[in-house]
Amino acid sequence: MQLYAAGGKMNPLFQGKIDNFCAAYSVLNALRLLCGISAFQARDILNDTLVEKAKNSEEWKKIVCHETNYYELVGFMLEKWQAAYQYSYYRPFPCLSPNINNIRHFQPEVDLDTVWEFLQNTVTLSAEANKEVTAVFRFCRFLPRQAGPMVDHWSTISKITDTEIYLYDCSLEATGWYVLHREKFFSAPFGAIPPQRTALQQQYMLNLADEEFGVICPESVFMLERKKTAFETIAASFKRKIFDI
């Protein structure tokens, strides 16, 4: 039997399609990139996080129902596991607003060029580097003249260039953004529409976009860094010498 939705054939739901745990998965994927954690280790971290957060029913409801921006959740996970996996983390563009959990909050003080340049100069996952650095962050995807984001997503960076950010992502959406193209992204004030703006100002800002665009939320950027051991550095050098890579 074939099922059809209003717009065509109805596909089955896959795990992760309708939950709101992409922020947690972004941390797990960052640890997979930096520390090589296994699926079993990732499951233990995720289970521990969800069990701990479920102890506070109000906080749990916000996490499950996407009523938070997940900054606290990401910080909680990174803080708890940094000793076990020996990495450090920091936020280069900390939030200036006391209302950190407001889901519509974007920090307008940091422009896209500043964020992009910082990430490009900091993220490195090459074998030659004596430390490996990635970032987890939140980005939103807007349709033209739409007040709210069509997608509000967390992901992990695997590579960045002048014009593209390549994601190490948990999503399986066929139409998802797995490479972020710089020309499609604007600074936070353009897409954020801070609540202090008048309705006329908001509409004017939205009318500036005649196609879909994205916004990287600067205050969501968490940098993760793992320094390589002397053995890892020597092993990488030896491997390059032997295999000419």
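Since we're looking at a predicted model, the values are computed, not measured. We use all heavy atoms of the structure for the numbers below, so side chains are in, but hydrogens, waters and symmetry mates are not.
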- request: Consider only side-chain N and O atoms of R226 and Y85, and report whether a donor and an acceptor are under 3.5 Å apart.
  value: no
- request: Working to the nearest 0.5 Å, report the span between CD of E164 and CD of E183.
  value: 8.0 Å
task: For residues L180 and W116, report the shortest heavy-atom separation together with the two atoms involved.
output: O-CH2, 3.6 Å
query: Could you give the distance from CE (M223) to OG1 (T122), rounded to the nearest 0.5 Å?
result: 5.0 Å
- prompt: Would a 4.5 Å heavy-atom cut-off, applied to side chains only, mark I165 and I216 as touching?
  reply: yes
message: Tell me if the CD atom of E58 is crowded by more than 12 foreign heavy atoms within 6.0 Å.
response: no
field: Heavy-atom check, side chain of W81 versus side chain of C35, under 4.5 Å
entry: no
field: Set of side-chain hydrogen bond (donor to acceptor under 3.5 Å, both in side chains) partners for E59, sequence neighbours left out
entry: K53
message: Run T68 and L73 through side chain to side chain contact (heavy atoms under 4.5 Å, CB included) and show every step you take.
response: CA-CA 9 Å; T68 176; L73 176 67; over 6 Å; no
message: Could you tell me if the side chain of Y25 sits less than 4.5 Å from the side chain of D169, heavy atoms only?
response: no
query: Can D162 and R182 be counted as an ion pair, charged N to O under 4.0 angstrom?
result: no
task: Please check if any side-chain donor atom of E219 sits under 3.5 Å from a side-chain acceptor atom of Y71, or the reverse.
output: yes
message: Going by the rule side-chain contact (heavy atoms from CB on, under 4.5 Å), which residues pair with C22 if we only count those two or more places apart in sequence or in a different chain?
response: H153, W154, C170
message: So F222 and V27, do their side chains get closer than 4.5 Å, heavy atoms only?
response: no
query: side-chain contact (heavy atoms from CB on, under 4.5 Å) with T124: which residues, sequence neighbours excluded?
result: S126, A129, V133
- request: Could you list the residues that satisfy side-chain contact (heavy atoms from CB on, under 4.5 Å) with T163, not counting sequence neighbours?
  value: T161
Give the table of side-chain donor-acceptor pairs shorter than 3.5 Å for residues 40-48, with sequence neighbours excluded, one pair per line with atom names and distance.
from : atom 1 : to  : atom 2 : distance (Å)
Q41  : OE1    : S38 : N      : 2.8
Q41  : OE1    : S38 : OG     : 3.4
N47  : ND2    : R43 : O      : 3.4
D48  : OD1    : K80 : NZ     : 3.3
D48  : OD2    : K80 : NZ     : 2.7

message: Just verifying a value: how many Å separate C217 SG and D152 CG, rounded to the nearest 0.5 Å?
response: 6.5 Å
Sequence-distant partners of K17, side-chain hydrogen bond (donor to acceptor under 3.5 Å, both in side chains), two or more places apart: E173
message: Nearest 0.5 angstrom please: F93 CZ to T114 OG1, how far?
response: 6.5 Å
field: Partners passing side-chain hydrogen bond (donor to acceptor under 3.5 Å, both in side chains) against N20 (at least two apart in sequence or in another chain)
entry: none
- prompt: Going from CG on L78 to OH on Y89, what distance comes out if it is rounded to the nearest 0.5 angstrom?
  reply: 6.0 Å
query: Which pair of non-hydrogen atoms, one from F137 and one from I157, has the smallest distance, and what is that distance?
result: CE2-CG1, 3.4 Å
field: Other cluster members, Y166 - Ile/Leu/Val/Met/Phe/Trp/Tyr, side-chain contacts below 4.5 Å
entry: V179
statement: All heavy atoms of T156 vs all of S26, minimum pair found to be OG1-O, 2.7 Å
- request: Please name the pair of heavy atoms, one in M77 and one in Y87, separated by the smallest distance, quoted to 0.1 Å.
  value: O-OH, 3.8 Å
Contacts of E117 that satisfy side-chain contact (heavy atoms from CB on, under 4.5 Å) - sequence neighbours left out: N121
message: Once salt bridge (Lys or Arg N to Asp or Glu O under 4.0 Å) is applied, do any residues pair with K131, and if so which ones, sequence neighbours excluded?
response: E225
- prompt: Quick one: salt bridge (Lys or Arg N to Asp or Glu O under 4.0 Å) partners of K61, sequence neighbours excluded?
  reply: E67
- request: For Y178 and L172, work out which heavy atoms get closest and say how close.
  value: OH-C, 3.3 Å
message: How long is the straight-line distance from CG of L224 back to CG of L34, given to the nearest 0.5 Å?
response: 6.0 Å
task: Could you tell me which residues satisfy side-chain hydrogen bond (donor to acceptor under 3.5 Å, both in side chains) with Q86, sequence neighbours excluded, listed by chain and number?
output: none
query: Which pair of heavy atoms, one from K62 and one from Y70, lies closest together, and at what distance?
result: O-OH, 4.0 Å
